[in-house]
Amino acid sequence: MDREALRMVWSPQFWRMAVLWALSLLYSYVLVFLRGRAAAPRRRRPRPAEGRCPVCVVTGATSGLGRAAAAALAREGYHVVLAGRSMQFLYETVQDIQRQQPEAHLKVFQLDLASFKSIKKFGSSLKQWVQEINLEPSIQLLVNNAGILAKSHRITEDGLDEMIQTNYIGPFMLTNILLPLLKKSSVPSRVVNLTSFTHRCVSGIDVCEDALRGMKFGRCSVGGSYPLASTYEYTKLCMLMFSYELHRHLHMSSGVSVIAADPGVVETKIMRELPQCLSWFAFLALRSLRLLQEPDTGVGAVLDAALALPDESGKYFFGGKGKTIRSSRLSYDTEVAKKLWAESSAVFKELQLRGGDFGDS
């Protein structure tokens with residue numbers, strides 16, 4: 001074990017992950033158990049608009065759950081837009097999927113959620129592309145999957161903490177930019193937001209603009225270690241509260257439904273910044289408890305959310321097999337959710353103005 005690993009083992013953030021995250025995961029499975037045997041999930045087949053393939057967008061599509069989701073949704077008949085930071089990895093993913101599914105309809109676009117410029121460019125490129133291929137310029141599904149677990153406080157070109165922007169602010173901006181395309185769909189459309197059982201570890205939440213920018217977490221890291229576990233939990237709770245608030249904004253007034261999906265623990269590259277020996281040990285322990293899933297299995301919760309009937313909007317899907325449970329009590333606080341929406345919108349609008357975009361959000 002190297003020095004970096006030893007330092008992390010002695011840090012409070014490591015034990016927060018080792019103990020609180022494990023307890024939160026087990027508690028989620030207890031809730032599943034108490035709900036009893038679930039009926040087979042009710043799924044809707046995607047319906048094409050104007051005789052074309054329905055279009056879905058999957059972020060973070062180059063590995064892990066994003067890659068598995070892209071392949072699974074292609075099998076369901078979607079024209080899948082794979083979005084990710086590396087064009088090389090995107091093309092490799094497309095080749096892998098097409099080897100298994102020669103008839104799959106796939107398209108790639110570069111997207112870095114830690115950059116407003118990249119998000120804005122992606123939105124414009126996607127809109128132009130759907131206008132070219134479709135009589136109806138719309139999309140039917142957005143899967144906000146991309147996320148990171150950063151080990152240090154890094155400031156993006158937009159002046160935000162990288163993990164907060166990638167995991168929450170970026171998806172918030174992307175969703176708002178793509179909402180017009182979702183609303184234009186002649187068939188029911190959907191937003192699926194990936195969240196995590198780790199949101200249960202948050203007992204109180206600060207949603208002021210400074211907190212959303214990561215200034216709070218940046219100050220914590222001065223003279224000490226970056227609170228990577230607390231920051232990750234914070235982003236996942238924000239993503240969940242955003243899902244519920246977006247559902248309240250859209251479900252009764254439009255054909256857009258919103259569902260949160262939590263796959264549980266999946267063996268992905270989310271821990272790639274941590275010392276390899278620690279991530280290896282964590283996966284070994286979870287595998288021995290039969291709590292660790294491969295991406296092709298863990299994607300079940302994402303598919304449940306993506307293909308659920310419209311009346312399932314606003315629910316929290318956990319662990320696959322169509323199971324829904326209650327999230328934390330804090331996640332249902334509507335007043336905090338409204339403030340989170342307002343403060344997130346303020347950050348978004350400031351970046352729009354700074355970038356010379358005076359359009360509506």
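A quick note: this is a predicted structure, and the numbers were derived from the prediction, not measured. Both backbone and side-chain heavy atoms feed into the values below; hydrogens, waters and symmetry mates do not.
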Review point. Asp96 versus Val94: any side-chain heavy-atom pair under 4.5 Å?
Key: no

Exercise for review: For residues Asn167 and Ile148, report the shortest heavy-atom separation together with the two atoms involved.
Suggested key: OD1-N, 2.8 Å

Practice item. Compare all side-chain heavy atoms of Phe116 with those of Ile169 and state whether any distance is below 4.5 angstrom. Key: no

Check your understanding: Would Glu233 and Arg16 count as a salt bridge (charged side-chain N to carboxylate O under 4.0 Å, His left out) if you check the C-alpha gap in whole Å, the side-chain angles of each, and the deciding distance to 0.1 Å?
Key -> CA-CA 10 Å; Glu233 298 158 9; Arg16 188 176 183 93; 2.8 Å; yes

Practice item. Start with the C-alpha gap between Phe197 and Tyr27, add the side-chain angles, then the distance that decides, and say whether ring-ring contact (aromatic ring centres under 6.0 Å, His included) holds. Key: CA-CA 9 Å; Phe197 56 89; Tyr27 179 72; over 10 Å; no

**Study point:** Pair Lys339 + Glu343: basic N to acidic O under 4.0 Å
**Key:** no

Review point. Among side-chain atoms of His251 and Ser257, is any donor-acceptor pair under 3.5 angstrom?
Key: no

Review point. Going by distance alone, is a donor N or O of one side chain under 3.5 Å from an acceptor N or O of the other, for Gln95 and Thr93?
Key: no

Point to revise | Glu350/Arg354 ion pair, N-O < 4.0 Å | key: yes

Practice item. For the pair Ser125 (side chain) and Phe122 (backbone), establish whether a donor and an acceptor sit closer than 3.5 Å, ignoring hydrogens and angles. Key: no

Review point. Do Arg200 and Ser328 meet the criterion of a side-chain donor-acceptor pair at a distance under 3.5 Å?
Key: no

Review point. In terms of side-chain heavy atoms, does Ser344 have a donor or acceptor partner in Tyr168 at a distance below 3.5 Å?
Key: yes

Exercise for review: For this output row, return yes or no: ring centroids of Tyr244 and Tyr332 closer than 6.0 angstrom.
Suggested key: yes

Check your understanding: Any salt bridge between Arg75 and Glu103, counting N to O under 4.0 Å?
Key -> no

Exercise for review: State, to 0.1 Å, how close Leu82 and Ala70 come at their nearest heavy-atom pair, and which atoms those are.
Suggested key: CD2-CB, 3.9 Å

Check your understanding: Does a side-chain heavy-atom distance below 4.5 Å link Val347 with Glu209?
Key -> yes

Check your understanding: Hey, what's the ring geometry for Trp129 with His79, parallel, tilted or perpendicular (30° and 60° as the breaks)?
Key -> perpendicular

Check your understanding: Taking only residues two or more places apart in sequence, or in another chain, which ones meet Arg154 in a salt bridge (charged side-chain N to carboxylate O under 4.0 Å, His left out)?
Key -> Glu162, Glu273

Check your understanding: Regarding Asp112 and Ser118, is there a side-chain donor-to-acceptor distance under 3.5 Å anywhere?
Key -> no

Practice item. Evaluate the side-chain proximity of Leu250 to Leu179: yes if any heavy-atom separation is below 4.5 Å, no if none is. Key: yes

Review point. Are the side chain of Arg85 and the backbone N or O of Gly60 linked by a donor-acceptor pair below 3.5 Å?
Key: no

Exercise for review: For residues Arg35 and Lys323, determine if any side-chain heavy atom of one lies less than 4.5 Å from a side-chain heavy atom of the other.
Suggested key: no

Review point. Would you say Val336 and Val207 make side-chain contact, with heavy atoms under 4.5 Å?
Key: yes

Point to revise | Residue pair Ser243 / Asn193, side-chain donor-acceptor N/O under 3.5 Å | key: yes

Point to revise | Leu141 and its side-chain contact (heavy atoms from CB on, under 4.5 Å) partner, picked from Val55, Val192, Leu307, Val80 | key: Val192

Point to revise | Residue pair Asn144 / Met239, side-chain heavy-atom distance below 4.5 Å | key: yes

Exercise for review: Taking the side chain as every heavy atom from C-beta outward, state whether Gln293 and Val265 have any atom pair closer than 4.5 Å.
Suggested key: no

Point to revise | Tyr232-His199 aromatic ring centre distance below 6.0 Å | key: no

Exercise for review: Please determine, by modelled atom types, if Ser189 and Ser185 share a side-chain donor-acceptor pair under 3.5 angstrom.
Suggested key: no

Exercise for review: Would you check if the distance from the ring center of Trp341 to the ring center of Phe172 is below 6.0 Å?
Suggested key: yes

